[in-house]
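Presented below is the structure to which this report refers.
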Amino acid sequence: MIHEFSPFDGALLIDKPSGPTSHDVVDAIRRQFGIKKVGHCGTLDPNATGLLIIVLGRGTKLSEKLMSDDKVYEGTIKFGETTNSYDADGELVASLPVPPMTLDQLNEAATPFVGDLMQTPPMVSAVKIKGVPLYKLARKGMEVEREARLIHIYNFHFSAYAEPIAHFRLACTKGTYVRSIAHDLGQKLGCGAHLATLRRVISGKFDVANSIGLDQALSLTPRDLEKHVLPFLKLASA
């Protein structure tokens with residue numbers, strides 16, 4: 001028996017603002033439009049912004065496929081300050097002077113990060129150990145052994161530097177912790193660093209330029225929202 005697709009079987013490209021979790025965005029869309037099945041493809045930390053693919057209805061069946069796509073991020077790294085979460089959300093654990101660096105020297109230091117890397121997830125992350133998210137253990141002051149994962153960095157380039165802030169663009173495989181890259185680079189340079197801001201600009205074949213803001217999406221009528229839904233069959237062939 002062939003079931004016809006509804007206009008809400010597909011995906012929405014949302015430009016996530018800083019503040020809400022990815023799950024908050026899912027909940028808001030589910031509640032506002034009364035759609036039973038809503039999910040997202042690839043978590044963005046609360047402070048991160050940019051492309052969040054929201055799958056709707058039967059589009060949720062494609063979440064694994066869409067989640068496995070490569071990603072491109074832009075953001076800033078602050079040198080001289082190390083945090084326990086490797087980003088601006090965490091507690092400051094070390095502060096050191098930043099050595100004089102040029103943009104070329106920064107890019108030279110970034111070069112070894114390009115290629116295959118074994119990356120250990122940060123303690124402040126949603127990765128689960130025996131069913132418990134790491135961040136819950138971290139809140140109790142616990143540090144547990146984490147299994148390193150193979151990731152691939154296609155490109156990591158700095159475009160501007162005004163001490164202590166550097167602007168970068170990074171292309172990588174799914175599951176990459178960009179804040180871990182920022183932290184590791186800071187350790188390598190001897191002054192420490194953390195991820196100050198992060199924006200996802202590309203996921204697979206989808207670009208944040210074609211997304212709509214969360215507030216805009218929530219202000220639409222269901223009929224107007226339909227115009228922004230990428231249909232199931234288009235997604236399946238992407």
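FYI, the numbering just counts along the sequence from 1.
Between Pro122 and Leu134, the shortest heavy-atom distance links the atoms O-CD1, 3.6 Å. Taking both residues in full, the closest heavy atoms of Leu44 and Ser22 are given as N-OG, 2.8 Å, listed atom of the first, atom of the second, then distance. Here the shortest heavy-atom pairing between Cys41 and Leu66 reads SG-CB, 3.8 Å. Smallest separation of non-hydrogen atoms from Arg58 and Phe232: O-CE1, 3.1 Å. Scanning both residues, Phe113 and Lys188, for their nearest heavy atoms gives CE1-CD, 4.2 Å. Taking each heavy atom of Leu218 and Gln32 in turn, the nearest pair found is O-NE2, 3.2 Å.
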Exercise for the section: Using the salt bridge (charged side-chain N to carboxylate O under 4.0 Å, His left out) rule, take Glu143 and Lys140 through it: C-alpha gap first, then chi angles, then the decisive distance, then the call. Expected result: CA-CA 9 Å; Glu143 174 99 19; Lys140 296 176 182 175; over 6 Å; no
Handout entry: Check against side-chain contact (heavy atoms from CB on, under 4.5 Å), Leu12 and Leu225
Key = CA-CA 9 Å; Leu12 270 177; Leu225 187 74; 3.9 Å; yes
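With 3.5 Å as the limit, one finds a donor-acceptor pair spanning the side chains of Arg199 and Thr49. No side-chain N or O of Asp87 forms a donor-acceptor pair with one of His194 less than 3.5 Å apart.
Within the structure, the ring-ring contact (aromatic ring centres under 6.0 Å, His included) test picks out no pair touching residues 13-55 (sequence neighbours left out).
Scanning for side chain to side chain contact (heavy atoms under 4.5 Å, CB included) contacts around Ile212 gives Ile14, Gln216, Ala217, Leu220, His228, with sequence neighbours left out.
Aromatic ring pairs are classed by plane angle as parallel below 30°, tilted from 30° to 60° and perpendicular above 60°; the pair Phe79 and Phe158 is tilted.
Leu117 and Phe168 fall within the same hydrophobic cluster, where Ile, Leu, Val, Met, Phe, Trp and Tyr residues are linked whenever their side-chain heavy atoms come under 4.5 Å apart, directly or through other members.
Ion pairing between Lys205 and Asp69 fails under the 4.0 Å rule for side-chain N and carboxylate O.
At most 12 non-hydrogen atoms from other residues, nucleotides or ligands lie less than 6.0 angstrom from CD of Glu108.
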